[in-house]
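Side chains included, hydrogens not; waters and symmetry mates left out as well; all remaining heavy atoms used.
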Amino acid sequence: MSVETDSATPLWSDPSLDAETRADALIAAMTLQEKIAQLYGVWVGASNEGGEVAPHQHDMEEPVDLDVLLPHGLGQLTRPFGTAPVDPALGALSLLRTQRRIAEANRFGIPALAHEECLAGFATWGATAYPVPVSWGATFNPALVRRMAEAIGRDMRSVGVHQGLAPVLDVVRDARWGRVEETIGEDPYLVGTVATAYIQGLESAGIVATLKHFVGYSASRAGRNLAPVSMGARERADVMLPPFEMAVRESGVRSVMASYTDTDGVPSHADEQLLTGLLRDTWGFAGTVVADYFGIAFLKALHGVSGNWAEAAGAALAAGVDVELPNVKAFGQPLLEAVTSGQVPEALVDRALRRVLIQKAELGLLDPDWNPVPEALADADLTDLEALRGSVDLDTAANRAIAREIAEQAVVLLRNDGTLPLASPARIALIGPTADTPNSVLGCYSFPAHVGVHHPEVPAGIELPTLRESLLAEFPGSEIVTAPGASVDSTDTSGFAVAAELARGADVVVLALGDRAGLFGRGTSGEGCDAESLVLPGVQQQLLDTLLDTGTPVVVTLLAGRPYALGRAVEESAAIVQSFFPGEEGTAAVAGVLSGRVTPSGRLPVSIPSRPGVQPSTYLAAPLGQISDVSNTDPTPAFGFGHGLTYTTFEWSDLTVDDAQATTDAEVRLALTVRNTGDREATEVVQLYLHDPVASVVQPVQRLIGYVRVPLAAGEASRVHVTVPADLASFTGRGGRRIVEPGELELRLSASSAETRLTARVTLTGPVRQVDHTRRLHATFSVSPHQDR
């Protein structure tokens, strides 16, 4: 078939043609070396003086010579803004100059696709530090998370970035895993809905979102980072895969990152059934699959399934990996030689290349009028560096307002004996290792914690008020005395005496406990910072006990990356306020909850354990995973998934079910009334769990299948209507297929996984029904004012 086009314009440069036609034309014109050059990235750092980027020297890779690489082209630029502190405007200038060099160096004029981390905001100097993903989960508010992602995406696109390596869709299986802070929680439905909203926001701003880590990373043995995964096919299908499936179906996501993991002996980067059979052939994903950093090389270096770099490259390409990150390694000279020798079919290179070029065409990177100048510099004088410096604001008032809203909605009030909200106490003793430390609100992928720690001479670039500073602002009439008591992870108890003395002389103690985010053992939370047990780090539990012994009411606050066992505080503290690395607006949010300015509405996205040594344990446990008479360990949590208190009370009543029987291909409709019986406005979170008493394979006792936030004024009531498709009762049966079985079910309307308020008993009738990836994924909720009769 011929395509009419201007003879002076190559097909691949003609924006009037579809991306597929353009990609095919370009592939046909390329040499093998030019093809392969589009399939890898180079890790670089932007210049703080606006010059071209410099290759990042990483201890896992050999130095890269751009002069040698660029004449053949380049697929991606890895983290130009996120490698070292750089002024955003000068970083954008550095990137545009580099992009111009890349395009001019190759004969097709193709620039690179630039990617960055954006797990808790754009991970660059001076950008807003939003709450970490587990805080997103605590909001139970996907719409708010989408707004945040739109803001993050706009900032990234404004300086020339194309792809963001987020979100994480791993479901928490063991809270000892260091990357819990990067996840959205321990329930696949919560993870799927919140992550899908985040992706929709990022993609709507023109950024290619990246699902990670596909799949099973968080199910590692003993919660150790990059450890083997031995889960069965059913756990993989019913717990780990659903968030990814939802995102692929509903979000418009354009990239997926393979996981470091090997599951039952098969590494994800070499799993053709996963990356091609399921992701592409079954789910219909048409975007790019990128390697996790060094993941292709790990097929040889760690997994031992490839004997050399060429074999690793061939295995990854055959499985469905399209792009090697962060640097050229296996996809460089080893792949070139393997294809030339016939060891790896060139068709595999073409398959991956086609996906990469289609994406570049869709991003406008193949257009003849492509311009490397990003929006943020569109009207700037690019020769005046001093005028440029400081001219791009990535931490605007609008950004901070969203960060504040998420931080406030993510605070979870776990316990309260009536002490909160505090009524302007005369003297507050603020004690603890996170009381006066700016970085205590940041996760490990925030720029100050991830990169800034290596540049202590450079200021953080954003305001990070400590909890002490926020309490001073929140309680101007109170005297606030402060002592650390101990550091986050030290074993030194010498500060306990001073802390106890301050506590005894105060009206109330605010005890600030938690984590220090870091990487690979340099923190108590974060990538490679796994915990042997869920006891509070260092001597924090002993400090807590010491202060409880003073007799002064103790309000425990946590700025943490994972849940911890809290010992005596569960019964003896005045209150417990949980916050998961809430970002730059986080301490003000916590202070607002303490004063009552903020009415807490957060709910736990992960269970809080009663004991530090019961992992792995989440609420998604079968009957044998519950407390029993034949084991002396009790996994019952102190506070279950979905738990959260507020400063009012709610009454749930008047449950109605339209028809208690439905066929296995139908739906059930029910409704309930929720009334705020207190004296202040607040938000209730109605959670819907499914309990299947008898099934052909063992099921969790219950699992979340829907939720809705219901804001209510004092005394106000709303009628909540829910439609539940029978598809939501599906699970993977004995034959490996997803099925809906007839039988009795309980639809539990609950305030948490541990607190069912109303139960609708329904029966599904008819034959066992097989469903697939086109099944319905959501219950639908509608909330209307309740009319009192």
Among all residues two or more places apart in sequence or in another chain, which pass the salt bridge (charged side-chain N to carboxylate O under 4.0 Å, His left out) test with E572?
-> R568

Among side-chain atoms of Q409 and N141, is any donor-acceptor pair under 3.5 angstrom?
-> yes

Mind checking what makes side-chain hydrogen bond (donor to acceptor under 3.5 Å, both in side chains) contact with T756, not counting sequence neighbours?
-> S750

Across all chains, not counting sequence neighbours, the ring-ring contact (aromatic ring centres under 6.0 Å, His included) partners of Y445 are H450

Cationic N near anionic O, under 4.0 Å, E684 to R603 = yes

Sequence neighbours excluded, which residues qualify as ring-ring contact (aromatic ring centres under 6.0 Å, His included) partners of F285?
-> none

Residue pairs fulfilling salt bridge (charged side-chain N to carboxylate O under 4.0 Å, His left out) with at least one residue in residues 182-196, sequence neighbours excluded | R179-E182

Results of side-chain hydrogen bond (donor to acceptor under 3.5 Å, both in side chains) for T261 - residues two or more places apart only = S259

Mind checking what makes salt bridge (charged side-chain N to carboxylate O under 4.0 Å, His left out) contact with R703, not counting sequence neighbours?
-> none

For residues 262-279, the salt bridge (charged side-chain N to carboxylate O under 4.0 Å, His left out) pairs (sequence neighbours left out) are R236-D271

Pairs in or reaching into residues 192-203: which pass side-chain hydrogen bond (donor to acceptor under 3.5 Å, both in side chains), with residues at least two apart or in two chains?
-> R146-Q200, T193-Y707, E203-R254

Residues two or more places apart in sequence or in another chain: which of them pass ring-ring contact (aromatic ring centres under 6.0 Å, His included) with Y619?
-> F641, Y689

What side-chain donor-acceptor pairs closer than 3.5 Å can you find for residues 721-728, not counting sequence neighbours?
unit_1 : atom_1 : unit_2 : atom_2 : d
D727   : OD1    : R769   : NH1    : 2.7
D727   : OD1    : R769   : NH2    : 3.1
D727   : OD2    : R776   : N      : 2.8

Taken in chain and number order and not counting sequence neighbours, the residues that satisfy salt bridge (charged side-chain N to carboxylate O under 4.0 Å, His left out) with R147 are E405

